[in-house]
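A quick write-up on the structure given underneath.
Positions are given from 1, in the same order as the sequence printed here.
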Amino acid sequence: MRPDPVPLSRAQRLALTSTSFLLLAIATMALGPLIAGSGWWWLCAFIAAGTLFAGAGLRALRTPASLVPVLELVVLLLLLTLVFGGTTSIALIIPTQGTFETFGGLMSGAQRTIEQQSVPAIPVPPLLFALAVGVGLLAVVVDILVQTLRVPALAAAPALVPVLVPGFIIEAGAEAPTLVLTAAAYLLLLRVDVRVRRRARLLGDGEGDGDDAATIVPPKRVPIVSTLGASLGLAAVGLLTASVLAASTPSVSTSLLLGSPGQGTLFARGVSPFIDLGRDLRRPEARPAFHYFARDADRPYFTLLTLDRFEGEVWGATDAAVDGDNTVDAMPRPDGLSDDVATSEHPIEVIVDEVRTTWLPVPYPSSRIEGLSGSWFWDSDSLAVRSVDTNTGGQRYRVTRLEVEPTVAQLRGASGDLPSDLDPYLELPEDAPPIIAQTAAEITAIATSRYDAAVAIQSYLRSADFDYSTEAPVAEGYDGGGFDVVARFLETKAGYCVHFASTMAVLAREVGIPSRISLGYTQGRPAQERVDGVQRVEVDSHDLHSWPELYFEGVGWVPFEPTPGRGSVPEYSRPGAGEGTGAAAPSAAPSTPGADGRPELDPDRGLAGQRGDGLAADSWWQRGAPVALVVVLLLLIPAGLRLGQRWSRRRRLARGDRPADAAWDEVIATARDLGAGGGAVETPRAFAASLAGREAFGAAEPAAALTVLRDAVERERYGPDPGSPADGTELRDALARVRAALLAGATPPVRFRAVLVPRSLFDAARRALGERPPADA
C-alpha cells in the first residue's frame with residue numbers, strides 16, 4: 001500500500017484525526033480490568049486528543065510534514081508538564097530541569113508500582129504518568145501511519161498494544177465488548193480513509209499525475225452495497241484476529257508485571273522470610289535503618305510485615321490487593337478492640353536512614369501517618385503499611401501510635417466465641433509432629449483461660465531451658481519456621497527469634513488461640529542527641545526481630561515476647577501480672593541482648609543498607625543521560641544521512657563519475673534544504689535563472705560559478721557527445737562558491753533547520769513512496 005499523493009483538505013485531515021482518536025481511546029479501554037476506577041482513562045483520552053489534534057492544527061498551518069511528528073512530541077511533553085509538572089514548570093506547561101527530575105522520579109515509581117501492585121492496580125501518579133507517556137507515544141505513531149505515511153491499515157498495530165496487554169496479566173484477557181468496539185473503530189477509520197481518498201481524487205480532477213494520460217473519473221456516489229460486504233468481512237477478520245490473540249496469549253498473571261503472590265514475603269524472592277531473616281541476623285556488622293523521636297519515653301516495636309498463613313513448611317502473608325481507599329491519613333481502630341479498653345495516642349517522628357523496603361516501619365496499631373512521599377496504603381487485616389510506587393528511602397514522617405492498654409482482667413475474661421473470619425488464624429496442617437501437641441498440652445495443662453495458656457507458653461520458651469543462638473539451627477539443619485523446624489527446636493531448645501516466634505504461634509493455635517507473626521524492629525537504643533527535649537532513638541539492622549501476636553476478643557491482637565534476651569516483655573504477659581492492681585502497662589526497659597543477639601542485615605537486601613538504590617543515590621542526570629543521548633542521536637539521524645549524501649557526491653566528483661551531474665544534484669539539494677527552490681521538474685537552465693535572481697548571486701564570482709555548473713551539467717546530460725568529463729577541481733570549486741552563496745542568503749534559523757531537517761532527504765523518501773514532494777511556500 002502506497003501513500004496517496006493527492007493532498008487532503010483541512011476537513012478531510014480532521015476527519016482522519018477524529019477517527020484515529022476514537023480508535024486509540026476505545027483500544028485503551030481494554031486496560032480497564034487491570035486498573036481501578038475510570039479517571040485514568042479520561043487522562044489517557046486527554047493526552048491522546050491533545051497530541052492528535054495538535055498534529056491536525058500543525059498541518060492546517062502548513063507545517064512541513066516531516067516536522068509534525070517532532071512537534072507532536074513537543075506537545076506531548078507540554079501536556080505531561082501541565083498534568084504532572086506542578087510547581088516545577090514555568091506557566092504550568094514549560095518544563096524546567098526540576099520538571100525532568102520529577103518525570104524521572106515518576107518513571108522510577110512507575111516501574112516499582114508495576115512490580116508491586118496486584119490487579120486491579122491503584123492509579124497512583126507514577127502509574128498515571130506511565131500510561132500518559134505510553135498513550136501519547138501511541139498517538140504519535142498512529143498519526144504518522146494515518147496522516148504522514150497514509151497507511152491507516154497499519155494503525156491496527158499500535159491499537160493492538162493496549163488490547164493485548166491484559167492477556168499477559170490476567171487469564172480472561174481483554175473484555176469482549178472492548179474487542180468489538182475496537183474492531184468497529186478500526187473499520188470506521190478505514191472507511192473514512194476510503195471516502196477521504198475518493199473525495200480528494202475527485203476534487204483533484206485527475207491532476208497530480210504530472211502527465212497528459214487519460215483519467216477515468218469514478219462516479220461521485222457509490223452504492224453502499226458495493227462496499228458493505230467487504231467492510232463487514234474486514235470487521236469480522238479484525239475482530240476474530242483480536243479475539244484469537246487475546247485468548248491465546250499466555251497469561252502470566254502471577255508474574256511481577258502487576259503483582260504476584262510473592263509480594264507477600266518481605267524479601268520478595270519466593271523464599272521463606274524466616275530463612276532470609278536468619279541469614280541476615282548472622283552477619284556481624286550493623287547498618288543504620290532509621291531513627292525516631294518519641295515523647296513520654298515511648299519505645300514501641302515497629303512492624304513491617306505480618307505473616308498469618310501457615311502451610312506446614314513456611315509462614316507467609318495472605319496475598320491481598322491494595323485497596324486505594326485505605327490511605328494512611330486516617331487508619332481504623334484495630335480489629336476486635338472494644339471501647340472498654342483504654343487507649344492513648346503518642347506522636348512519633350521517624351527519619352529513615354538506609355532501610356529500603358516497600359513496607360513502612362510503623363508501630364502497631366497506628367491511627368494516622370503524615371508527611372510521606374509517594375502512595376502508601378494500610379492492609380485491611382494487619383494494618384501493615386506498604387507502598388505501590390516508592391520505598392522508604394529518604395522518607396521522614398510523623399506517625400501517631402495508638403497505645404492499647406488492656407488489663408489482665410480484660411485479657412483473662414476475653415470471650416472464647418470467636419468470629420468466623422478468624423478461622424484462618426487457627427489453621428494447622430494435619431500432619432503435625434506429635435511433639436507439638438504434647439508440648440502444648442503439658443505447658444497449658446493448668447491454664448484456666450486462653451490468656452493464662454498464652455502466658456504459660458511465653459514463660460516456657462523464655463525459661464532457662466532455651467538458649468538464643470543464630471548458629472545452632474544452621475549447624476543442625478533446622479532453620480526456618482515450619483512444622484519440622486518447630487519440632488526440632490522443641491527438642492534442641494536453641495534458636496533465634498524466628499524459632500521462638502513461630503513456635504509460640506504454632507503452640508497457641510494448637511490450644512485454640514488465633515495467632516500470627518510480625519516481622520520488624522525492636523525499640524532501638526537511645527542516643528545522646530535531643531531535639532526540643534526529646535531523645536533520639538537509633539534503630540539499626542541488629543534490631544530486626546520477629547514476635548507473635550495473639551488474638552483476644554474485645555482486645556484484638558496482642559503482642560508477646562517469647563525470645564529471651566530480645567526486646568521487652570509486655571507487663572500484662574508476665575506471670576502474676578495484674579495481681580493486686582489489675583492494671584497493665586508495657587515495660588519500657590528492654591532486656592539486654594547477648595553478643596550474638598543483634599547481628600546485621602545484608603546491605604544489598606530489602607531492609608537495610610541498599611546504598612545503591614536508584615531513587616536515593618543516582619542523580620537525575622545519571623538516570624536521564626542515556627535517554628537524552630538516544631533522543632539526540634535519533635534527532636541527528638537525518639543530518640547524518642544528508643552529510644553522507646554530500647560526501648558521496650564529492651567522491652563522484654573526485655572519481656569523475658558523471659561529476660557535473662553530482663555537483664548539480666548537490667546544488668539542488670542545498671537549495672531545497674534552504675527553501676530556495678529546486679523543484680524536481682525544473683531544467684538546469686530554468687533553475688539557474690531562478691537562482692541568479694537572488695541577491696546572493698549578484699556578485700560576479702557566485703554568478704560565474706553557477707554558470708559553470710549549469711553549462712557542465714547541460715553538456716553532460718544533453719550533449720550529443722559528452723566527450724571527456726568536466727574538470728573535477730573546477731566543478732568542486734564552483735560548487736563550493738554556489739553553496740556558500742546559498743548559505744549566505746539564508747537566515748540562521750533556516751540554516752539550522754536545513755541541517756537538522758534536510759528537506760531534500762525527505763523529498764527523496766516521498767518520491768520513493770510514490771508521493772509528490774510539496775512545493776516551497
Side-chain angles (χ1 to χ4, degrees), residues 2-3 5 7 58-59 62-71 144 148-150 208 210 633-654 657-694 696-697 702 705-706 709-710 712-714 716-717 731-732 734-777:
R2 299 188 311 171
L58 290 168
R59 291 186 177 89
R62 300 187 182 279
T63 304
S66 56
L67 283 180
V68 171
V70 177
L71 295 178
I144 291 174
T148 303
L149 299 180
R150 301 292 291 117
L633 291 176
L634 290 175
L635 293 177
L636 291 178
I637 287 177
L641 294 175
R642 179 69 179 89
L643 185 63
Q645 185 186 65
R646 187 178 305 140
W647 178 83
S648 176
R649 287 167 177 161
R650 288 177 177 174
R651 291 280 297 172
R652 288 176 55 191
L653 276 169
D657 180 13
R658 295 185 62 83
D661 199 52
W664 191 253
D665 286 344
E666 181 59 29
V667 171
I668 293 177
T670 303
R672 189 65 177 158
D673 294 341
L674 296 170
V681 298
E682 287 184 288
T683 65
R685 187 165 293 272
F687 178 55
S690 66
L691 284 186
R694 301 178 72 89
F697 289 89
L706 181 61
L709 293 177
R710 181 201 65 188
V713 75
E714 286 182 338
E716 192 171 274
R717 290 182 178 180
L731 292 178
R732 185 165 55 249
L735 174 60
R737 287 193 294 270
V738 170
R739 288 193 76 253
L742 287 170
L743 292 171
T747 62
V750 171
R751 292 199 297 269
F752 181 75
R753 187 186 67 179
V755 173
L756 289 184
V757 190
R759 188 177 300 182
S760 61
L761 200 65
F762 292 98
D763 289 347
R766 289 190 183 95
R767 283 192 291 270
L769 293 172
E771 183 178 357
R772 173 183 295 175
D776 289 324

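Annotation: salt bridge (Lys or Arg N to Asp or Glu O under 4.0 Å) contacts involving residues 633-647, sequence neighbours excluded, comprise R642-E666, R642-D673, R646-E666. Applying the side-chain hydrogen bond (donor to acceptor under 3.5 Å, both in side chains) test to every pair with at least one member in residues 739-750, sequence neighbours left out, gives these pairs: T670-R739.
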Apply side-chain contact (heavy atoms from CB on, under 4.5 Å) to residues V755 and L643 and explain how you reach the verdict.
CA-CA 9 Å; V755 173; L643 185 63; over 6 Å; no

Give the C-alpha distance, both sets of side-chain angles, the deciding distance and a yes or no for side-chain contact (heavy atoms from CB on, under 4.5 Å) between W647 and R650.
CA-CA 5 Å; W647 178 83; R650 288 177 177 174; 5.7 Å; no

Go through the steps for W664 and L735 under the test side-chain contact (heavy atoms from CB on, under 4.5 Å), then give the verdict.
CA-CA 8 Å; W664 191 253; L735 174 60; over 6 Å; no

One pair to check against side-chain contact (heavy atoms from CB on, under 4.5 Å): F687 and R710. What are the steps and the verdict?
CA-CA 9 Å; F687 178 55; R710 181 201 65 188; over 6 Å; no

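Nearest approach of P659 to L653, heavy atoms of both residues: O-CD2, 3.3 Å. The nearest pair of heavy atoms linking V713 to P684 is CG1-CB, 3.7 Å. Of all heavy-atom pairs spanning A741 and P702, the tightest one is CB-CB, 3.9 Å. Looking at every heavy atom in both residues, L709 comes nearest to A663 through CD2-CB, 3.9 Å. Of all non-hydrogen atoms in F697 and L742, the two that sit nearest each other are CE1-CD2, 3.9 Å.
Between the side chain of R759 and the backbone N or O of L674, no donor-acceptor pair lies under 3.5 Å.
R59 and T148 form a side-chain donor-acceptor contact under 3.5 Å, judged by distance and modelled atom types alone.
The neighbour count for R652 CZ, taken as heavy atoms of other residues, nucleotides or ligands under 6.0 Å away, is above 12. Annotation: R651, atom CZ; neighbour count of heavy atoms from other residues, nucleotides and ligands within 6.0 Å does not exceed 12.
Note: S66 OG to L71 CG = 9.5 Å, rounded to the nearest 0.5 Å. Going from atom CG of L58 over to atom CG of L67 covers 9.0 Å, rounded to the nearest 0.5 Å.
The side-chain hydrogen bond (donor to acceptor under 3.5 Å, both in side chains) test applied to R685 returns E714, not counting sequence neighbours.
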